[in-house]
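Notes follow once the structure below has been shown.
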Number of protein chains: 2
Amino acid sequence: MRCWEEFHLNGYYNTSMQKLAAATGLQKAGLYHHYPTKEDLMRRVMEFAQEQFRNYVLSVATELDLPPEQRLEKLLRRHKKLATLHRRGCFFANIALETGREGLFNEALKTGMMDWADAVSRILSEYMPADAAQREALRLIMEYEGAVLFYKLTADEQHLEDFIHRAVANLKQASEHSSSIKQA
Amino acid sequence: MRCWEEFHLNGYYNTSMQKLAAATGLQKAGLYHHYPTKEDLMRRVMEFAQEQFRNYVLSVATELDLPPEQRLEKLLRRHKKLATLHRRGCFFANIALETGREGLFNEALKTGMMDWADAVSRILSEYMPADAAQREALRLIMEYEGAVLFYKLTADEQHLEDFIHRAVANLKQASEHSSSIKQA
DNA sequence: ACTTTTACCGACCGTTCGGTAGGTAAGTGT
DNA sequence: ACACTTACCTACCGAACGGTCGGTAAAAGT
């Protein structure tokens, strides 16, 4: 969906139906034929984004042939690819900070973030108890979103790269810790 | 400045000169008498925000009568107060994600974030080398901004509270580590 | 005293906003 | 064959947008 790109690039309020129509090759009224309001269109876009996100990023969490560290890195690197394309950042975070107070799309955004946390948590839980994995997954995502913020401000991908290194190193440390416990 | 509140609450694009004028008690043309364009007004607002931020939040970093842990906690709690008031979140982060790609205000936003990182770094550097303190300060702010994101989505202050606990606990651990090195 | 500047207003500009009305041309069902 | 639906268009709506205009009334300068 081209509309996704537009919203991702320019945010909700700074994207007009005119622009969205142009991006799809339709006229504005043609777009309104398919979606009754801008808000409805955005809701559809968000469902689509969640689906893409699940298929392209979160699916990595269940590639059980890879060891957890590599799965985590691969997952994060896929997300980084989405974020650095046209320096868009994270779609969910962009919209969340823009519309979070009014809460127009909070339910969808929340589930998007929670799906993500669950996927990361599933990876981490191989090296730590489920509740610790869940907490750490949430923390990792928070740190990542902050890194994306700095990336958007500075255009310096190093912030994202550093984060990935930190996350993977942390997981390795947790893995050593868990295996030493098993040994004991 | 009442304009700050408006931009903080509703973002840049979703705040019209009409609303800003109403918030200040002026008419629109009266507002244009003081600021030639919306962009210029926003730039002034950002300077003002930085100044307030420095005076109210970052100044805590140099209250040398408090131990570092308490200084960090006080600083973070002050920021939390700003963020939870009307559930606005972090002004810099809101505007950064909304306008970061076009880069209209990136310079000011960057210095705002870097001032912040410097203030936190100054606190941390009492327990660790300067370069490590700087890295850790940046990391803490990233994690904090992520926590604010989740707070905006869920309206649950616990995300911020948990972050503060983590940050202070981390610093305490670093303090013990540094004192054990000094003993050796 | 009088001139100039400052702060502000109501009214208005052209443009764009989200959204609608009415029409057309290509399928689709029967 | 003919009705009906679908997909899309041009043209338009009132409201709101960022921004400007000419004027006024109070303050400041001299």
Side-chain angles (χ1 to χ4, degrees), chain A residues 1-49 51 86 88 91-92 94-109, chain B residues 1-49 51 86 88 91-92 94-109:
Chain A
M1 191 85 87
R2 309 297 303 269
C3 294
W4 180 29
E5 288 187 35
E6 288 298 313
F7 278 128
H8 198 159
L9 283 168
N10 304 117
Y12 182 67
Y13 290 111
N14 195 28
T15 302
S16 68
M17 291 301 275
Q18 200 81 253
K19 281 192 215 166
L20 291 167
T24 60
L26 293 178
Q27 294 296 341
K28 202 169 43 149
L31 199 55
Y32 271 103
H33 174 69
H34 295 283
Y35 310 97
T37 69
K38 186 181 179 184
E39 205 180 307
D40 281 309
L41 169 55
M42 181 50 139
R43 256 177 250 281
R44 261 307 289 143
V45 164
M46 227 130 69
E47 286 172 30
F48 178 77
E51 196 190 310
H86 305 305
R88 304 178 297 186
F91 175 67
F92 295 134
N94 290 353
I95 305 302
L97 284 203
E98 196 184 352
T99 70
R101 255 192 84 252
E102 311 137 70
L104 278 172
F105 313 111
N106 281 12
E107 280 315 310
L109 291 167
Chain B
M1 190 84 88
R2 308 297 302 271
C3 294
W4 180 28
E5 288 187 35
E6 289 298 313
F7 278 128
H8 197 158
L9 283 169
N10 304 116
Y12 182 67
Y13 291 111
N14 194 27
T15 302
S16 68
M17 291 301 275
Q18 200 82 254
K19 281 192 215 165
L20 291 166
T24 59
L26 294 178
Q27 293 296 341
K28 203 169 44 148
L31 199 55
Y32 271 103
H33 174 69
H34 294 283
Y35 311 96
T37 68
K38 186 183 179 182
E39 205 179 307
D40 282 308
L41 169 55
M42 181 50 139
R43 256 178 250 281
R44 263 303 292 144
V45 163
M46 226 129 70
E47 288 172 28
F48 178 78
E51 196 190 311
H86 304 305
R88 304 177 297 185
F91 175 68
F92 295 134
N94 290 353
I95 306 301
L97 284 204
E98 196 184 353
T99 71
R101 254 192 86 250
E102 311 137 74
L104 279 172
F105 314 111
N106 281 12
E107 280 314 310
L109 290 168

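What you see below is based on every heavy atom in this structure, not just the backbone, and it leaves out hydrogens, waters and symmetry mates.
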Rounded distance in Å - [atom1] ([X]) to [atom2] ([N]):
{"X": "B:Met42", "N": "D:dG18", "atom1": "CE", "atom2": "C1'", "answer": "15 Å"}
{"X": "A:Lys38", "N": "C:dT16", "atom1": "NZ", "atom2": "C1'", "answer": "12 Å"}
{"X": "B:Tyr32", "N": "C:dG10", "atom1": "OH", "atom2": "C1'", "answer": "16 Å"}
{"X": "B:Tyr35", "N": "C:dC8", "atom1": "OH", "atom2": "C1'", "answer": "14 Å"}

B:His34 and B:Leu41: CA distance, side-chain angles, deciding distance, side chain to side chain contact (heavy atoms under 4.5 Å, CB included) verdict: CA-CA 8 Å; B:His34 294 283; B:Leu41 169 55; over 6 Å; no
Residues within residues 14-24 of chain A bordering DNA chain D, heavy-atom distance below 4.0 Å: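 Within residues 14-24 of chain A, no residue comes under 4.0 Å of DNA chain D.
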Contacting residues from residues 96-109 of chain A, given that a heavy atom lies under 4.0 angstrom of DNA chain D: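 Nucleic-acid contacts, sorted: none.
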Using the test ring-ring contact (aromatic ring centres under 6.0 Å, His included), find all partners of A:Tyr13 that sit at least two apart in sequence or belong to another chain.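 Result, ring-ring contact (aromatic ring centres under 6.0 Å, His included) vs A:Tyr13: none returned.
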Sequence-distant partners of A:Glu6, salt bridge (charged side-chain N to carboxylate O under 4.0 Å, His left out), two or more places apart: none
If you take all heavy atoms of A:Met46 and A:Phe91, which pair is closest and at what distance?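 Distance-wise, the nearest heavy atoms are CG-CE2, 3.9 Å.
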What string of B, S and - do you get for nucleotides 7-12 of chain D, 5' to 3', when a contact is any protein heavy atom under 4.0 Å? BBBB--
Where do B:Met42 and B:Leu104 land on the side chain to side chain contact (heavy atoms under 4.5 Å, CB included) test, with the steps shown first? CA-CA 10 Å; B:Met42 181 50 139; B:Leu104 279 172; over 6 Å; no
For residues 20-33 of chain B, which side-chain N or O atoms pair as donor and acceptor with protein atoms under 3.5 Å away, sequence neighbours left out?
unit_1  : atom_1 : unit_2  : atom_2 : d
B:Thr24 : OG1    : B:Leu20 : O      : 3.4
B:Thr24 : OG1    : B:Ala21 : O      : 2.8
B:Thr24 : OG1    : B:Leu26 : N      : 3.4

Is the closest basic N to carboxylate O distance between B:Glu47 and B:Arg43 below 4.0 Å?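 No, B:Glu47 and B:Arg43 are not salt-bridged.
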In terms of the angle between their ring planes, are B:Phe7 and B:Tyr12 parallel, tilted or perpendicular, with boundaries placed at 30° and 60°?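 Judged by the thresholds at 30° and 60°, the geometry between B:Phe7 and B:Tyr12 is parallel.
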Tell me whether B:Arg88 contacts the main-chain N or O of B:Asn94 through its side chain, where contact means a donor paired with an acceptor under 3.5 Å. no
Is the shortest side-chain heavy-atom distance between A:Glu98 and B:Leu97 below 4.5 Å? no
